[in-house]
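Here the structure comes first, spelled out in structure tokens, and everything after it is commentary.
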Amino acid sequence: RFTQPVALDFGAIGKGWALDRAARVLREHGVTRALLHGGTSSVVTLGGPWRVALDDRAAVDLTDASLGVSAPAGRTIGRGADVRGHILDPRTGRSATTLGAAVSGPSAAVCDAWSTALVVDPCLAADTAFPTGYRAHVNAGSGFICPTHPNPISARRTCR
């Protein structure tokens, strides 16, 4: 239930879905090496490895994989003094404070959905609901880390 008008934007998930379908068509036509780039937030690779930068210090290597990236900066909602980032924390109604999140794995649509969820709550990467075969990369202020990687960064040290 919303107490004020809201806009829901499924563009990122839709873009991931479209890239997943485009990759399937390319595979069906014998393409074995390609990088499909859906703007600043979505990538699908055929073959590889392909190195994709997350920021100035972090990159991921993708082979037959997808990447979804989300950040609250760049797009805003509201007017005047009420301008805020477009990714809102439903628990507070305020803009998400995580600087960015990326998820790599088999499906671009799933990566896009989870990267947005991780901007709201990076600790979801350590949740049992986080999909198997996917990897999270979260930037909470000091660059991208991987809370799902067992070493050297544990989810306990990065999540409350």
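- Of all non-hydrogen atoms in Ala108 and Gly16, the two that sit nearest each other are CB-O, 3.4 Å.
- Annotation for His29 and Val25: closest pair ND1-O, 2.9 Å, computed over non-hydrogen atoms.
- Sorted by first and then second residue, the pairs that involve residues 19-29 and meet salt bridge (Lys or Arg N to Asp or Glu O under 4.0 Å), not counting sequence neighbours, are Arg24-Glu28.
- Within the 4.5 Å cutoff, the side chain of Ser66 has no heavy atoms near those of the Leu19 side chain.
- Residues Pro106 and Gly133 come closest through the heavy atom pair CD-O, 3.5 Å.
- When every heavy atom of Lys15 is checked against every heavy atom of Gly39, the shortest pair comes out as NZ-CA, 4.4 Å.
- Sorted pairs that involve residues 32-45 and meet salt bridge (Lys or Arg N to Asp or Glu O under 4.0 Å), not counting sequence neighbours, are lacking altogether.
- Between Val103 and His137, every side-chain heavy-atom pair lies at or beyond the 4.5 Å cut-off.
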Go through Val43 and Leu36 one step at a time and tell me if the side-chain contact (heavy atoms from CB on, under 4.5 Å) criterion holds.
CA-CA 6 Å; Val43 172; Leu36 305 174; over 6 Å; no
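- Here the side chain of Asp64 pairs a donor or acceptor atom with the backbone of Gly47 at under 3.5 angstrom.
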Does Asp112 form a side-chain contact (heavy atoms from CB on, under 4.5 Å) with Ser70? I'd like the steps, not just the answer.
CA-CA 7 Å; Asp112 284 336; Ser70 295; 5.9 Å; no
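- Contact of the Leu67 side chain with the Val69 side chain is registered, since non-hydrogen atoms from C-beta on lie closer than 4.5 Å.
- The stretch residues 39-67 participates, sequence neighbours left out, in no ring pair (Phe, Tyr, Trp, His ring centres under 6.0 Å) pair at all.
- Using a 4.5 Å heavy-atom cutoff, the side chains of Leu26 and Leu46 are in contact.
- Under a hydrophobic clustering in which Ile, Leu, Val, Met, Phe, Trp and Tyr are joined whenever their side-chain heavy atoms come within less than 4.5 Å, directly or via other members, Val44 and Val31 fall into the same cluster.
- Between Phe130 and Trp114, the ring centre distance stays below 6.0 Å.
- Taking 4.5 Å as the limit, some side-chain heavy atom of Tyr134 sits within range of a side-chain heavy atom of Cys111.
- Between Thr63 and Thr45 the shortest side-chain heavy-atom distance does not fall below 4.5 Å.
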